[in-house]
Amino acid sequence: MRVSNKMLYNSVMGNMQRNLEKLLDLQESASSGKKINKPSDDPIGATKVINYNTAISKAEQYQRNIDNGTAFLNSSESAVTATLETLQRAKELALSALSETNSSADKDVMAKEIEQLYEQVKQTANTKYDNKYLFAGFKTDTAPYDATGNYTGTASPAGYIDVEIDAGNTISINMPGYAVFGSATDGTDILAALDDLKTAMESNDSDGIETAMTNIDAGMDQAIDALAEVGARINRLEIASNHFDKLLMDLAVYKSETEDADITKVITELSIQQNMLEVSRATAAKVLQQSILDFLR
Amino acid sequence: MSSIYDILSIGKRGMMAQQAAVQVTAHNIANVNTEGYSRQEVIFEEGIPLNSNPGQTGTGVNAADIQRRYDSFIEEQLTDSKETLGNFGVQVSAFSKIEDLFNDSMGTDINKLLGQFFNSMQDLSANPAGTPERVTVLSRGDALTDAINNIYSSLNQLQKDMNSQVSQTVNEINSITAQIASLNVDIRQAEITGQNANDSRDMRGRILNDLAEKIDIQYFEDDTGQITVIGAGLATLVEKGNSWTLDIETNTDNYGYYDIIYSPDESNVTNLTDRISNGRMKGLLTIRDTETSDAMDELDRLAAAIASEINQIHRTGYGLDGSTGINLFTPSFETGDVLSEDVGAITAMSTNTGTGSVSATIDDPSALTFNDYEITFSGGNYTFLNKSTNASSTAAYADPSNFTFEGLSVNISGSFGEGDTYIISAHKNTAKNLQVAIDMRDTARIAAATASTDNRGDNRNVLALVQIQDALTIDGTSSIGSYYGSIVGRIGVNSQYINSQYSAQEFSSEQLHNMRESVSGVSIDEEMANLMKFQHAYQASARLITIGDELLETLMGIVR
């Protein structure tokens, strides 16, 4: 083939240009650490990365929801546990009031203690977490039990605050007061039972004490049920949290496999490419320089 | 009988011929870097011999012709490859801009902002009365709508850039065709007198390639050496010494963008816009009318789905202040909303002949599909067609008529011409106009609750809102996030295709250039060798004259 000067120039420049382009691509990969730097580098991979990013962002949010829910439920759990201890003491007092050895004066003293226990339970039922009443259902800004011990929170069966812990999967992070402490219309009204016990002790009414004690027993069962439910939910949150810990690790691996450049490979290729560029430069210097003119003197 | 004068004459002719060859060689060397130059060559011919005794004697050499070396087949292939390079070249650079807009690593990544927006609602669900949480929902919403608005307006800007380049390209084409026509005349005038118009032909070939880079052309040469150029398959742009211009015309049915018009005379007007099949112009039109407008339509659908789905649920809930029926985003996509510039669009085709009017309102937000619709009047009937799914409904037209179709209520009244067409879309321009509708000071109006009072802990409505993120709200097959992913995927696939086509074409064009160069290119080595060859021949011819002179002197000496 006949070779003209421009052919030499064009082929040297064309090859150098292609080498430079590859070098730029590799440099971009090396500096960003990613093999997908724009959607057209790998359209399927780019779409996958978008999906992984969504999944990661959601998983992190679910983790937040789970942590927040766990904190809420832990506060509820300790409140209910405290209430159970208080009720246990009330039951002991009731039993000893029923025994023949205690005089009515003793019972008056016991009634005083029951009154304290009543206040204690009420106070626990009006516990706040993060400046929100734990047992008020949706009315988180008002104390669920008023001065006379009436439940004023969201009425049954509503009042469960749900949060999402997985796509379309929710869990309640609270117990409305009526499900733990009862109310005039729901379950056993623990505060009323304590109040009844106090009145019966003051009036030395054995039957009354016995009835109140039965109610307190029922109230304890109710609180234990609530405790079990809260515990079960905390358990579920723990499992969900572990699931997301694992999922986040997996997602990070998948994402990295899809979009991260194999740095060793990139660096190796980069140095090969640099060598190639040097070769084409050296060739250019040699080839373009020479002409018959060098030999015509 | 030979004569000494013949020797002098042979020497003179030899010098003249070699001098011509040296001149052509000089011209070749000077044009070693001229794009499209074909090396030239002096054709030597023996002089006409004289009959004499003992036989015919030669009369030396003639420089008969100066020819250029070229291969018309390769030239044609080069012209074809210029068309494709022009077409893909424009698209490659436009796609790199479009890709940048949708690129993950940029701050305006819609996917990330969508995630943050829904996450802010998750946080609100954990603390429905919290002011910081409420403010965050609004500011995340602002960030999301800003990003969608920005990408939309950047796409729109790109579309406008392409449009103004269409008009520039038309001007360039017109200037080139005029040049070709005038070169046609030059070449004919030169060649009719037996000359070779080598340089004019090279020049014409070069600007023909420039023309091919802009628009698809066919050309052929007539017996006078003039070329006829036909653009876009049917428009005669150049014939002999005449050229016809292309014009631009605003097309109201295509957002006022330019159509390309060819009208050689007033009674003959052809719209070339859809006929141009290659060259830069095709690339510009593809980006303007297909790629950017597809991406803008998809963004509109995405924005409309976000606004409509979120508003539908948000309206049913209650704010901390007991407010209800409030929209979180504008446009609201509420029952009764009239389709206009701000919400969707109704466009009457400019070819419509009737005087009737068509209006549409949203009838059932939950039934909206955000597809493009077309209503056509024909034979006393009207047909309402969903252009994406091809679902349609036809009925006899009575003035006035009202019907509902896929969540839209359409009113038609007045008289319509046969074939009158209206394009209706509920989502058009949503990506441009999408905004958060609740003021930062009115965070209480965010409807997190489903109860109107005592609802500070009530998060049931915001819980329903977060479900939208995964709900298959678009065509019943895509969630908002996966729809965005599919937009990016589609753009990536198209861009990848164009890029690989372009590099393949670039490579084959380089090969063609080399083939052309192999035939037509100047080699300095070769020219220098030729130069020496001609120089020696010149010196020898000059020497011949000296010898002729000496012979004459000798002859004269005899006489003295």
Say whether, by atom type as modelled, one donor and one acceptor occur between the side chain of B:S495 and the main chain of B:F95 under 3.5 angstrom.
no
Hey, would you say the B:H27 and B:Y37 ring centroids sit under 6.0 Å apart?
yes
Using a cut-off of under 4.5 Å for heavy-atom pairs, which of A:N131, A:T142, A:I161 has the most such pairs with chain B?
A:I161
Okay, B:A129 and chain A: the region with an atom under 4.5 Å from a heavy atom over there is neither
Any non-hydrogen side-chain atom of A:S76 less than 4.5 Å from a side-chain atom of A:F135?
yes
Residue among A:K132, A:K58, A:K34 with most heavy-atom pairs under 4.5 Å to chain B
A:K58
Which answer fits B:D123, side chain, backbone, both or neither, if we ask what part of it has an atom under 4.5 Å from a heavy atom of chain A?
both
Given B:A126, B:P128, B:G115, the one with more heavy-atom pairs under 4.5 angstrom with chain A than any other is B:A126
Heavy-atom count around A:L20 CG within 6.0 Å, excluding the residue itself: above 12?
yes
How about B:L302 and B:I110: do any of their side-chain heavy atoms sit closer than 4.5 Å?
yes
Please identify, among A:E21, A:M1, A:K48, A:R18, the residue contributing the most non-hydrogen atom pairs under 4.5 Å to chain B.
A:R18
Please determine, among A:V3, A:T140, A:N5, A:T47, the option with the most heavy-atom pairs under 4.5 Å with chain B.
A:N5
So which residue, B:I498, B:L114, B:N459, B:V493, ends up with the most heavy-atom pairs under 4.5 Å with chain A?
B:N459
Identify which part of A:Y62 has an atom lying under 4.5 Å from any heavy atom of chain B, answering side chain, backbone, both or neither.
side chain
Per-residue tally against chain A (heavy atom, under 4.5 Å) across B:N119, B:D525, B:V466 peaks at B:N119
When B:G489, B:S518, B:A471, B:G485 are compared by non-hydrogen pairs under 4.5 Å with chain A, the top option
B:S518
Non-hydrogen atoms of chain A under 4.5 Å away: do they reach the side chain of B:R460, the backbone, both or neither?
side chain
Would you check if the distance from the ring center of A:Y145 to the ring center of A:Y151 is below 6.0 Å?
yes
What part of B:T34 is in contact with chain A, defined as an atom under 4.5 angstrom from a non-hydrogen atom: side chain, backbone, both or neither?
backbone
Highest number of heavy-atom pairs under 4.5 Å with chain A: which of B:N455, B:I487, B:V462, B:N127?
B:N127
Is it the side chain or the backbone of A:A136 that comes within 4.5 Å of chain B heavy atoms, both, or neither?
neither
Answer yes or no: are there more than 12 heavy-atom neighbours, outside A:R64 itself, under 6.0 Å from its atom CZ?
no
Counting only non-hydrogen atoms closer than 4.5 Å, does B:M532 touch chain A with its backbone (N, CA, C, O), its side chain (CB onward), both, or neither?
side chain
Once the angle between the rings of A:Y178 and A:Y160 is folded into 0 to 90°, is it parallel (under 30°), tilted (30 to 60°) or perpendicular (over 60°)?
perpendicular
Is B:V522 close to chain A through its backbone or its side chain, or both, or neither, when contacts mean heavy atoms under 4.5 Å?
backbone
Heavy-atom proximity to chain A below 4.5 Å, by part of B:Q122:
both
Side-chain contact test, heavy atoms from C-beta onward, threshold under 4.5 Å: evaluate it for B:E506 versus B:Q501 and give yes or no.
no
A:T124 side chain to A:A79 backbone, donor-acceptor under 3.5 Å:
no
Does any heavy atom of chain B fall under 4.5 Å from the side chain of A:N65, the backbone, both, or neither of them?
side chain
Would you please test B:T473 and B:E309 for side-chain hydrogen bond (donor to acceptor under 3.5 Å, both in side chains) and show each step?
CA-CA 8 Å; B:T473 51; B:E309 297 297 329; 5.0 Å; no
Which atoms of B:V519 approach chain A - backbone, side chain, both or neither, heavy atom under 4.5 Å:
backbone
Cut-off 4.5 Å, heavy atoms of chain A, and the answer for B:R516 is neither
Hey, does the side chain of B:D458 reach the backbone of A:F138 with a donor-acceptor pair shorter than 3.5 angstrom?
no
Closest-packed option against chain B by number of heavy-atom pairs under 4.5 Å, given A:K38, A:Q61, A:E60, A:E164:
A:Q61
Honestly, the part of A:S32 sitting under 4.5 Å from a heavy atom of chain B is neither
Under a 4.5 Å heavy-atom cut-off, does chain B meet the side chain of A:D41, its backbone, both or neither?
backbone
Contact class of A:D162 relative to chain B, heavy atoms under 4.5 angstrom
both
Under 3.5 Å, is there a donor-acceptor pair between the side chain of A:D146 and the main chain of A:N150?
yes
Which is it for A:T54 and A:S57 under the side-chain hydrogen bond (donor to acceptor under 3.5 Å, both in side chains) test, yes or no, and what are the steps along the way?
CA-CA 5 Å; A:T54 311; A:S57 149; over 6 Å; no
Pairs of heavy atoms under 4.5 Å with chain A: top-ranked of B:L463, B:V488, B:I491, B:N499
B:L463
Cation over ring, A:K255 on A:Y52, under 6.0 Å and within 45°?
no
